[in-house]
Amino acid sequence: METLINPTISLNPSLRRIAPSLNSQTHLLCPTFRIRPQPGNSRTRTLPLTVFCKLRTSREESTDNKEKSMSKKIMLSEMAPPPLAEEGGGGAGNGGAPARRKGGAFESVKRFPRRVVTALSNLGLAIGEMFTIAALMALGTFIEQGEAPDFYFEKYPEDNPVLGFFTWKWILTLGFDHMFSSPVFLGLLVLLGTSLMACTYTTQIPIVKVARRWSFLSSSKSVLKQEFSDSLPRASVKDLGVILMGAGYEVFLKGPSLYAFKGLVGRFAPIGVHLAMLLIMGGGTLSALGSFKGSVTVPQGLNFVVGDVLGPLGFLSKPVEAFNTEVHVNKFYMDYYDSGQVSQFHTDLSLYDIDGKEVLRKTISVNDPLRYGGITIYQTDWSISTLQVLKDGEGPFNLAMAPLKLNGGDTKLFGTILPIDDSDSTQVKGISMLARDLQSVVLYDQEGKFIGVRRPNSKLPIEINGKKIEILDAIGSSGLDLKTDPGVPIVYAGFGALMLTTCISYLSHSQIWALQDGTTLFIGGKSNRGKVEFSSEVNRLLDRVPEIVDDFPAK
């Protein structure tokens, strides 16, 4: 029977009063449609219909004049029509206040830390910080460190500034006389460390998280979009998985899809590099603010207490128990080249605890320090402290040697004088003695005339102005530098980690996807490093995938 649907829609007059206030809300109109059968059929059925429509304001209609028709959706249902109701109660159609926009000042404050982290993780900013730190380190090697203010007044005067502007005011104001513990240098280290942590948090950690996910591709089109792609017309995804496992890949199968990777440790390497740099900078900061340092020149046969020599460098400096140790210089001696120049100098040291017990003895030299209880003693300098002489068989007399300044050159020269009584003169006169090292002494008479050269302990007297002079010994003084540096182990660990993680970062992270579509196998892959080598490796692996052949031979 052919049935004609002739709907007649009638709206309740009360709806006309509601309609203007709906204001672009979607409403349900539920009219009743009657289906009129053809003559001869007395049955009449009532079919409820739901009409979805949108009532718009004149402003909306003006913006949509280009649309010639309004879409309507009619749904047939055997259920009773729902009651007429407005959606979004409390909206503008009911006279309620419009919803307030979220955010405002509170939202800006909430987003501020995220913006700061994003700005700090900028690569250009980090590179600029590293170049600035490198420039300050170079400047610290050019400017003499740890000198008295008078030294800088004389070396960098205001009337003759370096480069036309650089004077002692810059050095003392910015703390460049102790560059590596100055606020400017330490502040840049803190800023660079913050940038490294921000970069690790915003970039490196998310990359590692993404790399660790098992991602399967479900379409051949997405597989073929990879940097490397190929297809095998008669191959099995399981055979490919076995071959990839033999090549060192981690393989995962999910139905017809395969995902394999290797070299994931290369993704962790940048994080390790950042941590290593943080260790180096942290150790350097601890060294600058938590160390003790001091220097002393001790004649042979004398001693000193460690705590009397060392001085703190920063507010993190804390003394250790070994500060009560007493150091005794047993002997100081030097080695010489065939030309007579000094090649090396040595100091025999004994360390005694607070009870006077010897706890350590060692002969140190340049590049061979003594370490005890966190304290390091370096051999850095030398001088001549005393000459022992006999005068006409009397003595010995200990004559203190004083360093003499020479015009030009860094050659050391020490001198002393042996007074000679002269009743005819009101001036003090004597025999002058000069020495460049511990192996020879040059002697001059009262008038400054050269008399001769004698070696210490040669037992050969020399007569000067009627006096017999014999050089018994030349006693040297050992120049020692002492320091405690708690940041050294951290810095060494940081450099070791930096070398290791830098090598690991060159390992490529390779990924391979495969999808079985019937008997055809689609393969795609990519690698973050060594893309040419990766392509060659995958081609060699695909050549090893066996071909699927029919079970029944062809007739």
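Counting begins at 1 with the first residue of the sequence.
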The test is side-chain contact (heavy atoms from CB on, under 4.5 Å); show your working for T347 and K331 and say whether it passes. CA-CA 6 Å; T347 304; K331 186 179 181 181; over 6 Å; no
For F166 and I143: C-alpha separation, side-chain torsions, deciding distance, then whether side-chain contact (heavy atoms from CB on, under 4.5 Å) applies. CA-CA 11 Å; F166 194 78; I143 300 174; 3.6 Å; yes
Would you check, one step at a time, whether the test side-chain contact (heavy atoms from CB on, under 4.5 Å) holds for L310 with T484? CA-CA 9 Å; L310 292 175; T484 64; 4.1 Å; yes
Residue pair N330, S350: steps toward the side-chain hydrogen bond (donor to acceptor under 3.5 Å, both in side chains) verdict: CA-CA 7 Å; N330 300 316; S350 292; 2.7 Å; yes
Tell me, with the steps shown, if E147 and Y152 meet side-chain hydrogen bond (donor to acceptor under 3.5 Å, both in side chains). CA-CA 8 Å; E147 300 291 343; Y152 301 104; over 6 Å; no
Is there a side-chain contact (heavy atoms from CB on, under 4.5 Å) between F252 and L258? Walk through the geometry before answering. CA-CA 6 Å; F252 305 91; L258 176 144; over 6 Å; no
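Atom CD of E158 sits in a crowded spot, with more than 12 heavy atoms from other residues, nucleotides or ligands closer than 6.0 Å. In the displayed structure, Y201 atom OH is contacted under 6.0 Å by at most 12 heavy atoms of other residues, nucleotides or ligands. Heavy-atom neighbours of L460 CG from other residues, nucleotides or ligands within 6.0 Å: above the threshold of 12. Other residues, nucleotides and ligands place more than 12 heavy atoms under 6.0 Å from the CG atom of D335. Around NZ of K531, the count of heavy atoms belonging to other residues, nucleotides or ligands within 6.0 Å exceeds 12.
To the nearest 0.5 Å, atoms CG (N303) and CG (L351) are separated by 11.0 Å. We find the CG-CG distance between L191 and L125 to be 6.0 Å, quoted to the nearest 0.5 Å. Rounded to the nearest 0.5 Å, atoms CD1 (I384) and CG (L413) are 8.5 Å apart. Taking OG1 from T194 and CG from L120, the interatomic distance works out to 6.5 Å, rounded to the nearest 0.5 Å. Rounding to the nearest 0.5 Å places OG of S385 at 8.0 Å from CG of L302.
Ring planes of F414 and W382: tilted class, angle from 30 to 60°. Taking the six-membered ring for Trp and thresholds of 30 and 60 degrees, F153 and W168 have ring planes more than 60 degrees apart, a perpendicular arrangement.
With hydrogens and angles left out, the side-chain atoms of E144 and Y156 include a donor and acceptor closer than 3.5 Å. When only modelled atom types and interatomic distance are considered, N398 and T386 share no side-chain donor-acceptor pair under 3.5 Å. One side chain, Q379 or S478, offers a donor N or O that lies under 3.5 Å from an acceptor on the other.
A distance-only check finds a donor-acceptor pair linking the side chain of S527 to the backbone of R529 [under 3.5 Å]. Listed for the Q226 side chain is no donor-acceptor partner under 3.5 Å among the backbone atoms of I512. Listed for the N122 side chain is a donor-acceptor partner under 3.5 Å among the backbone atoms of G124. Of the possible polar contacts, one joining the R455 side chain to the Q439 backbone as a donor-acceptor pair under 3.5 Å is found. Listed for the S535 side chain is no donor-acceptor partner under 3.5 Å among the backbone atoms of V532. S121 contributes no side-chain N or O that, together with a main-chain N or O of A198, makes up a donor-acceptor pair within less than 3.5 Å. Formation of a donor-acceptor pair under 3.5 Å by the T501 side chain with backbone atoms of L498 is found in this model. The backbone N or O of D353 sits nowhere less than 3.5 Å from a side-chain atom of E326 that would complete a donor-acceptor pair. D392 places a side-chain N or O within 3.5 Å of a backbone atom of K468 that can act as its donor or acceptor partner. Counting only distance, with no hydrogens or angles, the side chain of S291 and the backbone of L313 share no donor-acceptor pair below 3.5 Å.
Residues T167 and D159 are not in side-chain contact: their nearest non-hydrogen atoms beyond the backbone lie 4.5 Å or more apart. Residues M197 and V117 have side chains not in contact (no heavy-atom distance under 4.5 Å, counting atoms from C-beta outward). In this structure the side chain of M433 never reaches within 4.5 angstrom of the side chain of I417, judged on heavy atoms. V306 places none of its side-chain heavy atoms less than 4.5 Å from the side chain of N324. Contact of the F165 side chain with the L163 side chain is registered, since non-hydrogen atoms from C-beta on lie closer than 4.5 Å. The shortest side-chain heavy-atom distance between F185 and S182 falls under the 4.5 Å cut-off. Residues T285 and L186 have side chains in contact (heavy-atom distance under 4.5 Å, counting atoms from C-beta outward). Looking at V265 and L507, their side chains come closer than 4.5 Å, going by heavy atoms from C-beta outward.
Nearest heavy-atom pair across L172 and P149 is CD1-CB, 4.4 Å. For the residue pair A260 and L244, the shortest heavy atom distance occurs at CB-CD1, 3.8 Å. Summarising the geometry of L438 relative to P456, their closest heavy-atom pair is O-CG, 3.5 Å, with the distance given to 0.1 Å. Of all heavy-atom pairs spanning V453 and S440, the tightest one is CG1-CB, 4.0 Å. Taking every heavy atom of both residues into account, L370 and I364 meet most closely at CB-CG2, 3.6 Å. Across V441 and L443, no two heavy atoms sit closer than the pair O-CD1, 3.6 Å.
By the 4.0 Å N-to-carboxylate-O rule, E537 lies close enough to K262 to be salt-bridged with it. A salt bridge links K412 to D381: at least one charged side-chain nitrogen sits closer than 4.0 Å to a carboxylate oxygen. Ionic pairing of D348 and K362 is not present here: no N-O contact between side-chain nitrogen and carboxylate oxygen is shorter than 4.0 angstrom.
Residues satisfying the ring pair (Phe, Tyr, Trp, His ring centres under 6.0 Å) criterion with F228, sequence neighbours excluded, are absent altogether. Under the side chain to side chain contact (heavy atoms under 4.5 Å, CB included) criterion, K483 pairs with K293, Y378, D485, not counting sequence neighbours. For E463, the side-chain hydrogen bond (donor to acceptor under 3.5 Å, both in side chains) test picks out no residue, with sequence neighbours left out. The side-chain hydrogen bond (donor to acceptor under 3.5 Å, both in side chains) search around K225 returns none, not counting sequence neighbours.
Screening residues 303-340 for ring-ring contact (aromatic ring centres under 6.0 Å, His included), with sequence neighbours left out, gives F292-F323, Y333-H346.
A cation-pi arrangement, defined by a distance under 6.0 Å to the six-membered ring centre and an angle within 45 degrees of its axis, is absent between K526 and W513.
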For residues 128-138, please give each side-chain donor-acceptor pair under 3.5 Å, one per line with the distance, not counting sequence neighbours.
from, atom 1, to, atom 2, distance (Å)
E129, OE1, S195, OG, 3.1
E129, OE2, S195, OG, 3.2
T132, OG1, G128, O, 2.8

